[in-house]
Amino acid sequence: MEAMSQACRGPELEALLSRDDDEERSIITTLLHNAAAAGQIDPALDPDGTAAWGMALIAALCTSAATDPSFTPAARLPTLRLILHRFLRPNTHQEAERWTGTHRTQYSGRHTG
């Protein structure tokens, strides 16, 4: 794990990975924007932030596969798909607001927002 951490600190590798990440995030952000406009995903989600979280989840899957010999990505894919599906599904932003506290509801017994 430490060797991987050290390798990722190298300026050449960091620049390459950063460029690839920026390009990948841009593509995913565009796809999310289009899907939201078509009503396929929750339009209240910020496409760039959503792309970043999706990429982070996928990176965690890859890191676990690389660092844990007993980890089997194929066995974990159904859970990853479920997480992403529930995160992206349309008309759930009100539920998310209730849990993040961005808009208090009667959930707490009083309305403050």
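Please read all numbers here as calculations on a predicted model, not as lab measurements.
Other residues sharing a hydrophobic cluster with Leu57 under the 4.5 Å side-chain heavy-atom criterion for ILVMFWY residues are Ile58, Leu61, Phe71, Leu77, Leu80, Ile83, Leu84.
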Could you go through residues 29-41 and list every donor-acceptor pair under 3.5 Å that involves a side-chain atom there, pairing it with any protein atom two or more places apart or in another chain?
unit_1	atom_1	unit_2	atom_2	d
Thr29	OG1	Arg25	O	2.7
Thr30	OG1	Ser26	O	3.0
Asn34	ND2	Thr30	O	3.4

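Taken to the nearest 0.5 Å, the CZ atom of Phe87 stands 5.0 Å off from the CG atom of Leu45.
Counting all heavy atoms, side chain and backbone alike, Thr67 lies closest to Pro69 at O-CD, 3.7 Å. Heavy-atom minimum distance, Ile28 versus Met55: CD1-CG, 3.8 Å.
Applying the side-chain hydrogen bond (donor to acceptor under 3.5 Å, both in side chains) test to every pair with at least one member in residues 71-84, sequence neighbours left out, gives no pairs at all.
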